[in-house]
Amino acid sequence: MVYAALTFTPMHDLMITIALAFFTMAMLAVLWVLFVQRRVGVLVAGAACAVPLVLTAVIYYSGQYIVLLPWAQRISLGISAGWLLTVDLGGASRRAGA
């Protein structure tokens, strides 16, 4: 969140790059845990969730189709948040024995 707060500064491009790198590492770690736990459904959904993230990064860094970037970012954020919420709630129900 610190990096997200700094995106409104002159260091915008650097902060986006750092935030993307950290989010990608965190997402890969969660995907690895899901793989180890053999939670295939949520794992596949997470891999599919990475596709919009990669597409927005390609649009951002290539500068092509830049008019689509705001909507692509909104969609990517919504899908990522939904997936992370699903993973969190699924883990909580597993811990509770449900």
Side-chain angles (χ1 to χ4, degrees):
M1 290 308 300
V2 171
Y3 299 111
L6 293 174
T7 58
F8 300 105
T9 68
M11 299 183 299
H12 176 269
D13 292 340
L14 175 63
M15 293 302 114
I16 293 296
T17 302
I18 292 171
L20 180 64
F22 282 137
F23 182 75
T24 302
M25 287 187 288
M27 187 175 204
L28 289 173
V30 171
L31 288 172
W32 177 255
V33 170
L34 293 172
F35 174 75
V36 169
Q37 292 180 350
R38 307 230 188 272
R39 295 178 61 192
V40 177
V42 185
L43 176 66
V44 170
C49 175
V51 172
L53 179 67
V54 170
L55 288 176
T56 57
V58 168
I59 292 171
Y60 180 77
Y61 290 110
S62 72
Q64 296 181 350
Y65 305 109
I66 203 77
V67 70
L68 300 175
L69 186 59
W71 284 103
Q73 288 174 327
R74 289 178 184 120
I75 291 168
S76 178
L77 177 65
I79 291 171
S80 297
W83 176 70
L84 287 171
L85 186 61
T86 301
V87 169
D88 184 46
L89 294 176
S93 66
R94 284 187 131 195
R95 288 187 297 269

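The chain is numbered in sequence order, starting from 1.
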**Study point:** Pairs touching residues 55-79 that satisfy side chain to side chain donor-acceptor pair (under 3.5 Å), sequence neighbours left out
**Key:**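 Listed by first then second residue: H12-Y60, D13-Y60, T17-Y61.
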Review point. When rounded to the nearest 0.5 angstrom, what distance separates CG in L53 from CG in L20?
Key: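 With rounding to 0.5 Å, CG (L53) is 5.5 Å from CG (L20).
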Review point. What distance do M27 atom CE and L84 atom CG have between them, rounded to the nearest 0.5 Å?
Key: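 CG of L84 is found 7.0 Å from CE of M27.
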Point to revise | ILVMFWY cluster membership beyond L77 - transitive side-chain contacts under 4.5 angstrom | key: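 Hydrophobic cluster check, L77: no partners found.
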Please check if [X] and [Y] belong to a single hydrophobic cluster, counting links between Ile, Leu, Val, Met, Phe, Trp and Tyr side chain heavy atoms closer than 4.5 Å.
X: V58; Y: F23; value: no
X: L31; Y: V40; value: no
X: V36; Y: V30; value: yes

Check your understanding: Nearest heavy-atom pair of I66 and G63: which atoms, and what distance?
Key ->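 The answer is CB-O, 4.0 Å.
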Review point. Do you know which two heavy atoms are closest between I59 and A72, and how far apart they sit?
Key: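 Here I59 and A72 meet closest at CD1-CB, 4.3 Å.
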**Study point:** With sequence neighbours excluded, residues passing side chain to side chain contact (heavy atoms under 4.5 Å, CB included) with V42
**Key:**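 Once residues adjacent in sequence are excluded, the partners of V42 under the side chain to side chain contact (heavy atoms under 4.5 Å, CB included) criterion are L34, R39, W83, V87.
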Exercise for review: Could you name each residue pair satisfying ring pair (Phe, Tyr, Trp, His ring centres under 6.0 Å) that touches residues 25-51, not counting sequence neighbours?
Suggested key: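 Pairs touching residues 25-51 that pass the test: W32-F35.
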